There are 2 protein chains.
Amino acid sequence: MAVTIHDVAKLAGVNSSTVSRVINGKATITPDTKERVYAAMRELDYHPNSLARSLASGLSGAIGVVVNARDAEAFSNFFFSRSLFAIEKVAQARGYQVIIANGAQSRDGTVESLMKEHKVDGLILPPTTVKPALMETIGDFPYVVLGTPDTLRSETCWVDNNNEQGAEMAVQHLKKMGYQQIAYLGGYQKRGFTKRRIRGYQNANESTEIILNTDGTSENAYTVAMAVLQKENRPDAFVCNDNLAAFGLLKACKELHLPVPKDIGIVAFDNYPLAEYMDPPLTIVDIDTAMLGEQSAQLLFRRIENKVGNQQIMLSTNLVIRASSEKKAK
Amino acid sequence: MAVTIHDVAKLAGVNSSTVSRVINGKATITPDTKERVYAAMRELDYHPNSLARSLASGLSGAIGVVVNARDAEAFSNFFFSRSLFAIEKVAQARGYQVIIANGAQSRDGTVESLMKEHKVDGLILPPTTVKPALMETIGDFPYVVLGTPDTLRSETCWVDNNNEQGAEMAVQHLKKMGYQQIAYLGGYQKRGFTKRRIRGYQNANESTEIILNTDGTSENAYTVAMAVLQKENRPDAFVCNDNLAAFGLLKACKELHLPVPKDIGIVAFDNYPLAEYMDPPLTIVDIDTAMLGEQSAQLLFRRIENKVGNQQIMLSTNLVIRASSEKKAK
DNA sequence: CTACAGCGTGCAACCGTTTGCATAATTAAT
DNA sequence: ATTAATTATGCAAACGGTTGCACGCTGTAG
């Protein structure tokens, strides 16, 4: 029913293998033959069956992007979706498809099935999947971790932004603006990137360390901030683990009539589009998610094609200075 | 090298076709045989090659989700990413993969290639792809449009939320709260869903119609709001086309010292997680994006499996009442 | 006891490409 | 002009499953 390579071959008066070679452009073909084949393909509106190609070539022509999202919010987080945009772009340029798979919704190994059933030629994985057992079964199958794994850091292949350096910058900036007592707000400490941000905070902070844990929601950040802001010697500045924490904090400051940035300075990680619409606009440690996605995809393709070994790529972060950290010089 | 169905068959002492039947569970197999086959599969750590399966069965085992995103923002918009989460969930339950493809980054028909090269068994499309030419080539290939197409509305298959009804609800709510002059703020009118929201606004609004166009950004909404709020007889309430418009509007109100909700009432479409963290928290026309994704995926699978005809599904929206529309009863 | 239905399994063709090897055609070298 | 080297194309065997058809076996009915 569907038009196959054989139909094209017959019409062009050549063998199907020749048609295949024309399509793939690997071999040298007489210009005349090539033109006849192209003409036949056009005439028949031929589209190669990618399934058959994949089987014969052993390449699925797809990469998999795995995410562990228990709810839709995690899925729509900017880190993931913006990276995905860039990944798709790189893949498309190479004629590759992008398969997304949520590892959190299925108990049976998503990664294993994508890999062993030949559904993808390579994988982009979240750091939480990096565990000795999985790395064992992954073997030398091409993959890149998007983020820094908690374990096996030097034996795995990953791309991440430098969270530690980002937090250092944030603290240094706040100090320069004249804030004295800087606290760290937000984030389950369980998460690797949070740990690294906290380490950066600790590196750069010279006064008392105040680390305020939250469950990751704005609500909880608000509650925690309300408590700490009413204490005797409260901090006068905060580095927030993400924008959501900053939103909760802002709300608390407002309710307690503590002016930002005059009495309280704020710097937050992650650049939500609305960060600059907050009152006041938030100073941000900006993460170049597009670059992160692009780099990870490109590294993955290098591994798929050249079989290069593990590599680690660390991108630096950027401070976007807005009103929330601009203490008036006194 | 890889272990195939034949290796399993040999070890289990049966023919490979039997193994195939065991895997697919379509035919009746003696329990004893079945057990032997399973044992052999386990022993050899057999994973069926999905590429070969696809070729033989003619089904790729994947659905495609197409999006037209020129920049990363569009990609990470909540509508898309939340629906995607639900779509993936439905697909995974059926053993299907989800391929995402950005139609905006390639001139050569993304849809056509996914379809004709057998890369997917069905497609979820954005309304902007619905054009007579494309529908022609799509023929009876299974697809579902996520949103209401501008044209061919009754001849295509789509799932959408009822934007018109949502806007009506918003206006009625504001009237009930005592606001007199309600304006509509935001959105390029070009977009179909914006047009439908405006129509709803017009249906329910009984005083002068004030429709304020923006380019979709918060900045522009702010500028437009600043202008209109300084006029002689300014509106005392706004229905905003999305949260971004509401953010710009809020900023303008704040600068002009117009208290919300006392002097100005606001209802906005789309429920960003931060909407309730604004000052004041925003009243929202909530769109159940998860349900939208789920319904579209399920409809798609119905089309893939049963070849049911075109269907249109319209989901209703929900008003989430918060402080921004709570005018004090006078 | 024979006949027929129905279940379980094997055989082999087929899905539409790719690709190693062989061969024919062309070009270059002597 | 003859031979060697190179290039262009054909042949046929994979790739790893699925599936229609045929056949043997078991069980029930006549």
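Here is the naming used below: chain letters follow the sequence lines, and residue numbers restart at 1 for every chain. Note that these values count all heavy atoms, side chains included, but never hydrogens, waters or copies made by symmetry. All of these numbers come straight from a predicted model, not from anything done at the bench.
Surrounding CG of A/D45 are more than 12 heavy atoms belonging to other residues, nucleotides or ligands, all under 6.0 Å away.
B/T18 comes within 4.0 angstrom of the backbone, heavy atoms only, and of no base. Base engagement by A/L55 is indicated by at least one non-hydrogen atom pair under 4.0 Å involving a base atom. Contacts of B/T33 with the nucleic acid, taken as non-hydrogen atoms under 4.0 Å apart, involve only primed sugar atoms and P, OP1 or OP2. Here B/V19 lies out of heavy-atom contact (under 4.0 Å) with every strand. Base contact: A/S20 has a heavy atom under 4.0 Å from a base atom. Looking at heavy-atom distances under 4.0 Å, A/S17 makes contact with a base.
Between B/A52 and B/A27, the residue anchored nearer the 5' end of DNA chain C, judged by the nucleotide with its closest heavy atom, is B/A27. Of the two residues contacting DNA chain C, namely B/P31 and A/I5, the nearest-nucleotide position lying further toward the 5' end is that of B/P31.
Remark: P of C/dC11 and NZ of B/K10 are 14 Å apart, rounded to the nearest angstrom.
If you check distances only, the side chain of B/R21 does reach the base of C/dG10 with a donor-acceptor pair under 3.5 Å. A donor-acceptor contact under 3.5 Å is not formed by the side chain of A/S57 with the base of D/dC15.
We find the CG-CG distance between A/L123 and A/L300 to be 7.5 Å, quoted to the nearest 0.5 Å.
Contact between A/P149 and A/R196 at its shortest, heavy atoms only, is O-NH2, 4.4 Å.
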